[in-house]
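As structure tokens, the structure follows; a few thoughts come after it.
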Amino acid sequence: MEGWNAGLPNQHAIDMTAQIGKSDFAPDPTEREHTLLFVLLPQFSQLSFTASVETLVRANDVAGRRVFSWTTCSVDGGPVRSSLGMAFPVDHGPAEVHRDTVVILIGGNRYEAGQGVQMTPWLRRVDRAGCMIGAIGSATFLLAGASLLRCASVAVPWESVDSFAETFPEIEMSDGVLTQSPRQFTALGGVFAIDLMLLLMSRLCSAKIADDVAKHANYVHVRRLNRHASTKRSWRLGVKNGVLRDAINLMEANLEEKRSTEAIARCIGISQRQYQRICKRELGRTPTQIYRQIQLEKAKCLLLQTPLSISEIALASGFASPSNFARLFRRHFGITAHELRS
């Protein structure tokens, strides 16, 4: 399994085709029409959906024929609310699909416990039928919960990284924006849905169509840059100091059993005093304050996205005392953990 870390667009598409092989969704010499089914989950990202469909429309325009057609589906066949709060009509509910149909689940940036689980039996039938299945954004949770993930690692939106790691500790998360296997793929949401559609074009049709669409959409340079995107928290905090990034990544990896300031400084190869000065200079906080913020942010995600009890969340976030956790949580966020969950 390869993440989205290829080189320039043309070379990427060529390499991708070579890796897949003729038996695993090689470019189609018969120029037949390909069908996609977009499964819109509650609170799905409207940006992800729009970016996906717009890219397919451009592919049909570039090819001068209908290369791709698509329909939409929801959990119950009725309208589904997007992340913008608007009710979006769909074509139908879960139904039998042909094995050549590409099924794409679209979620939002955050996952709510139990979201879309009623579709699990249908998804398993789709998988048994041999369909290619993909998950965009938090829809990765649904595939993982149904034990249908085939990728060696998965792309998870940074807002959901903590809750995914807590819920599925055995599944490796990618630092990249997209992962794939012969019959499956996962991708971050938003504009990264464009990268996913371009990948599908390379796999199902030809590298040339994917490259032409990228050029037609003025997306070539963005496409090159996206391979450097990362979901690491240190990047999200805007940290440019490499030593401090290493320290933050160590903190993230050691929440339940916290490491001391001295131990982290030793691991990153500097003195404790140097480490403290870097933290203060770069972020205006002490190492302890940074560690605590990471703990509390993880706790907030788990409160919103998992059914774990508050005591369990306190322990998973590295707080030995639930009462201490409650006090610090309220001080940091201005509301209690119970109020946030309700």
Side-chain angles (χ1 to χ4, degrees), residues 5 109-110 155-166 169 172-177 188 190 192 225-306 308 310-341:
N5 55 5
N109 291 327
R110 290 184 173 87
V156 179
W158 69 262
E159 296 95 331
S160 296
V161 164
D162 292 332
S163 56
F164 191 92
E166 190 68 29
E172 180 182 346
M173 288 182 287
S174 170
D175 293 339
V177 302
L188 303 184
F192 295 121
L225 292 173
N226 280 352
R227 64 192 174 97
H228 299 296
S230 173
T231 57
K232 287 283 189 182
R233 186 186 306 275
S234 53
W235 292 110
R236 302 200 301 271
L237 292 173
V239 175
K240 297 181 180 179
N241 185 290
V243 172
L244 186 51
R245 286 202 304 268
D246 291 342
I248 290 174
N249 290 334
L250 271 173
M251 294 180 197
E252 289 183 304
N254 295 274
L255 287 183
E256 294 188 41
E257 296 183 8
K258 289 179 61 178
R259 294 196 180 190
S260 67
T261 299
E262 181 184 1
I264 291 178
R266 187 165 56 248
C267 286
I268 59 179
I270 60 176
S271 71
Q272 183 174 335
R273 183 61 182 159
Q274 286 176 304
Y275 174 39
Q276 291 169 331
R277 283 201 301 266
I278 290 173
C279 289
K280 198 68 175 177
R281 184 183 70 240
E282 298 289 331
L283 295 176
R285 285 167 282 178
T286 67
T288 300
Q289 289 171 331
I290 296 170
Y291 218 145
R292 184 173 299 158
Q293 179 181 346
I294 293 172
Q295 289 177 280
L296 291 169
E297 289 290 344
K298 176 178 180 179
K300 183 180 73 171
C301 289
L302 295 179
L303 281 166
L304 292 171
Q305 301 168 16
T306 74
L308 294 173
I310 290 178
S311 294
E312 289 172 324
I313 288 172
L315 289 173
S317 304
F319 295 95
S321 166
S323 60
N324 185 46
F325 163 69
R327 178 176 57 81
L328 293 171
F329 190 92
R330 182 169 187 171
R331 180 190 299 171
H332 186 79
F333 293 109
I335 60 173
T336 67
H338 287 284
E339 288 170 337
L340 178 66
R341 173 161 275 180

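Just the heavy atoms: all of them, side chains too, but no hydrogens, waters or symmetry mates, feed the values below.
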What distance separates [X] [atom1] from [Y] [atom2], expressed to the nearest 0.5 Å?
X: I278; Y: I268; atom1: CD1; atom2: CD1; result: 6.5 Å
X: E262; Y: C267; atom1: CD; atom2: SG; result: 10.5 Å
X: H338; Y: I310; atom1: NE2; atom2: CD1; result: 3.5 Å
X: N324; Y: R327; atom1: CG; atom2: CZ; result: 4.5 Å
X: L255; Y: E257; atom1: CG; atom2: CD; result: 11.0 Å
X: R273; Y: T261; atom1: CZ; atom2: OG1; result: 12.5 Å

Heavy-atom pair with the smallest gap, counting every atom of [X] and [Y]:
X: A314; Y: P322; result: CB-CA, 4.3 Å
X: A316; Y: L302; result: CB-CD1, 4.1 Å
X: S160; Y: R110; result: OG-CA, 3.3 Å
X: L244; Y: C279; result: CD1-SG, 3.8 Å
X: M173; Y: V161; result: CE-O, 3.7 Å
X: L303; Y: A337; result: CD1-CB, 3.7 Å

| request: Compute whether any side-chain donor of one residue and acceptor of the other, for T288 and T286, lie under 3.5 angstrom apart. | output: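 There is no such pair (donor and acceptor under 3.5 Å, judged by atom type) between the side chains of T288 and T286.
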
If we only count heavy atoms from C-beta on, is the [X] to [Y] side-chain gap below 4.5 Å?
X: N254; Y: I264; answer: no
X: L296; Y: F319; answer: yes
X: K298; Y: E166; answer: yes

| Intermediate values then yes/no, side chain to side chain contact (heavy atoms under 4.5 Å, CB included), K258 and R292 | CA-CA 10 Å; K258 289 179 61 178; R292 184 173 299 158; 5.8 Å; no

Would you check if the side chain of [X] reaches a backbone N or O of [Y] as a donor-acceptor pair within less than 3.5 Å?
X: Y275; Y: V243; answer: no
X: Q295; Y: S317; answer: yes
X: K300; Y: L340; answer: no

| task | Verify the neighbour count for atom CD of Q289: are there more than 12 heavy atoms of other residues, nucleotides or ligands below 6.0 Å? | result |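 Yes, CD of Q289 has more than 12 neighbouring heavy atoms, counting only those of other groups under 6.0 Å.
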
